[in-house]
Chemist: 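Here it is, the structure, as structure tokens.
These numbers come from the heavy atoms of this one structure, side chains and all, not from hydrogens, waters or symmetry mates. Residue numbering restarts at 1 for every chain, and letters A, B, ... go by the order of the sequence lines.
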Protein chains: 2
Amino acid sequence: MTSQAADGPDTVAASRRSKITPEREREFFDAVLEQIRTCGYESVTMEGVAASTRCSKSTLYRQWKTKPQFVAAALRANRRVRFAGIDTGSLAEDLRQAARAAGDWSGKDTSLLQALGHAWTADEELAQALREALVYPEIAALQEMLARGVARGEVRADHPALEYVPAMMFGVLRVRPVLSGQYADADYLARFVDATVLPALGLT
Amino acid sequence: MTSQAADGPDTVAASRRSKITPEREREFFDAVLEQIRTCGYESVTMEGVAASTRCSKSTLYRQWKTKPQFVAAALRANRRVRFAGIDTGSLAEDLRQAARAAGDWSGKDTSLLQALGHAWTADEELAQALREALVYPEIAALQEMLARGVARGEVRADHPALEYVPAMMFGVLRVRPVLSGQYADADYLARFVDATVLPALGLT
DNA sequence: GTGTACCGGTACTGAAGCGTATCGGTACAC
DNA sequence: GTGTACCGATACGCTTCAGTACCGGTACAC
């Protein structure tokens with residue numbers, strides 16, 4: 001909530017003299033992201049967002065020029081690190097906790113990514129916002145964990161599995177709904193880490 | 001191409017007395033799948049498919065009642081096992097070859113799955129067709145490989161990593177574009193198998 | 001040959017939804 | 001108090017597209 005300091009020109013209150021408070025803006029963003037999750041990006045309508053937040057379309061278009069720009073702003077405002085601050089002193093335990101933390105967000109993040117579908121591959125601004133919100137922060141946090149493990153001598157710096165850890169974690173997250181029709185929960189992810197990630201890193 | 005015997009009532013030639021040959025039907029299906037890959041499911045139009053195949057919208061609507069049904073039929077007709085027939089006598093080598101085979105299809109399959117985005121979660125018929133075309137056959141083939149490995153004594157039947165192998169393989173396939181902006185090619189997947197899947201299974 | 005019915009083309013209806021314009025109400029500045 | 005300008009509401013233009021209707025041409029059956 002104190003992340004406003006880093007907000008770009010996408011947020012309203014910082015740039016224009018608007019009567020839209022940050023809390024109100026947050027409502028718009030939450031509404032559009034929720035609509036994307038439930039209806040898919042293409043089916044989200046500015047009218048729907050306006051109706052569900054009891055504002056008018058004009059208000060939205062006054063602040064953001066187009067629907068993709070609005071969505072991109074919502075994504076960027078949504079960025080946060082799901083498993084920051086995990087540092088148990090043990091790489092294995094760090095990864096387990098990260099898995100549990102990721103599992104707690106899994107449904108929301110995965111459905112969002114899924115619902116954005118093809119849109120982000122066609123719109124570079126959307127793609128960038130998506131990466132900023134849901135990809136880069138997690139990757140960076142994971143890599144910090146791994147780096148600490150390497151520094152502690154738990155894993156050799158040139159261990160071949162190191163570079164694949166983020167792909168393993170995010171991969172299983174994203175693909176679970178396709179394979180079994182349900183999102184990956186914290187328990188599933190923790191077991192996955194124990195059964196595959198740790199052995200691959202030689203940490204059993 | 002001799003798979004017609006298993007075709008359901010979705011294919012035209014089998015059910016109605018139509019002048020559309022199986023080859024012509026194949027053109028329709030290829031066209032719509034290609035449009036989905038490049039434009040996304042929502043942006044695919046029946047008019048576009050008709051134009052690109054030089055048929056008329058009427059022709060399409062005569063055979064398939066709605067756009068989702070048409071797409072589902074195209075998906076089902078597209079099913080085939082990307083790595084059937086792999087049986088080297090060694091689980092590790094089987095998995096490596098499967099990875100290479102999957103890598104060759106990766107771009108097409110992944111972009112299709114990606115482009116279907118939210119649509120398949122909302123339409124049960126689409127979801128089922130998707131699973132039949134791109135998920136179940138591969139899973140089954142993978143599990144046969146693993147079962148053979150178990151039968152040969154290469155892996156214990158209760159090895160905890162066994163159940164996660166499909167998720168690992170498909171996960172990394174699907175998530176690579178999000179993480180690094182490019183599809184997983186055969187080399188990348190083969191290295192992934194060597195670095196993570198085989199060690200996790202204790203096969204190094 | 002003759003007829004049937006399917007094909008491709010075109011025109012049409014109806015429904016959405018993006019983005020714009022307009023207008024009264026009102027909060028806030030001064 | 002007065003003015004400014006932003007908010008919400010509503011209506012509108014415009015485009016796109018699903019799905020339907022109709023129509024002439026033609027391949028194929030018999």
Chemist: Can you check the A:Lys19 NZ to D:dC6 P distance for me, whole Å?
Modeler: 8 Å
Chemist: With side chains defined as the heavy atoms from C-beta onward, is the minimum distance between A:Gln114 and A:Arg174 less than 4.5 Å?
Modeler: yes
Chemist: Just name whichever nucleotide pairs with C:dC30, Watson-Crick or G-U, keeping both distances under 3.5 Å, else none.
Modeler: D:dG1
Chemist: Without decimals, in angstroms, what is the distance between B:Met46 CE and C:dG8 P?
Modeler: 14 Å
Chemist: Is it the case that the side chain of B:Ser180 and the backbone of B:Arg176 share a donor-acceptor pair, with hydrogens and angles ignored and the cut-off at 3.5 Å?
Modeler: yes
Chemist: So, for B:Leu60 and B:Ala50, which heavy atoms are closest and what is the spacing to 0.1 Å?
Modeler: CD1-N, 4.1 Å
Chemist: Report yes if a side-chain nitrogen or oxygen of A:Gln63 is closer than 4.0 Å to either non-bridging phosphate oxygen (OP1 or OP2) of D:dC6; otherwise report no.
Modeler: no
Chemist: Using only heavy-atom distances, decide whether a donor-acceptor pair under 3.5 angstrom links the side-chain of B:Ser58 to the base of C:dG9.
Modeler: yes
Chemist: Before accepting this row, confirm whether a basic side-chain N of the pair B:Arg37/B:Glu34 lies closer than 4.0 Å to the acidic partner's carboxylate O.
Modeler: yes
Chemist: So, under a plain 3.5 Å distance rule, would you say the side chain of B:Arg62 forms a donor-acceptor pair with the base of D:dG19?
Modeler: no
Chemist: Separation of A:Trp64 atom CH2 from D:dC6 atom C1', in whole Å?
Modeler: 14 Å
Chemist: Between D:dA18 atom P and B:Phe70 atom CZ, what is the distance in whole Å?
Modeler: 11 Å
Chemist: May I ask which nucleotide in the shown strands pairs with D:dT20, Watson-Crick or G-U wobble, both distances under 3.5 Å?
Modeler: C:dA11
Chemist: Should the side chain of B:Arg54 and the base of C:dG9 be counted as holding a donor-acceptor pair, with the cut-off at 3.5 Å?
Modeler: no
Chemist: Taking the minimum atom-to-atom distance to the side chain of A:Ser56, which one of D:dA9, C:dC7, C:dG17 wins?
Modeler: D:dA9
Chemist: Using the closest heavy atom to pick a nucleotide of DNA chain C for each, name whichever of B:Arg24 or B:Lys57 lands nearer the 5' end.
Modeler: B:Arg24
Chemist: By nearest nucleotide on DNA chain D, pick out whichever of A:Glu47 and A:Cys55 is the more 5' one.
Modeler: A:Cys55
Chemist: For B:Phe28 and C:dG8, give me the distance from atom CZ to atom P, rounded to whole Å.
Modeler: 6 Å
Chemist: Between atom OH in B:Tyr61 and atom C1' in D:dC17, what is the gap in whole Å?
Modeler: 8 Å
Chemist: A:Glu27 CD to D:dG8 C1': how many Å, rounded?
Modeler: 14 Å
Chemist: Tell me what B:Thr59 touches on the nucleic acid: a base, only sugar-phosphate, or nothing, going by heavy atoms under 4.0 Å.
Modeler: base
Chemist: Using side-chain heavy atoms (C-beta onward) and a distance below 4.5 Å, is B:Tyr41 in contact with A:His118?
Modeler: no
Chemist: Between C:dA27 atom P and A:Ile20 atom CD1, what is the distance in whole Å?
Modeler: 16 Å
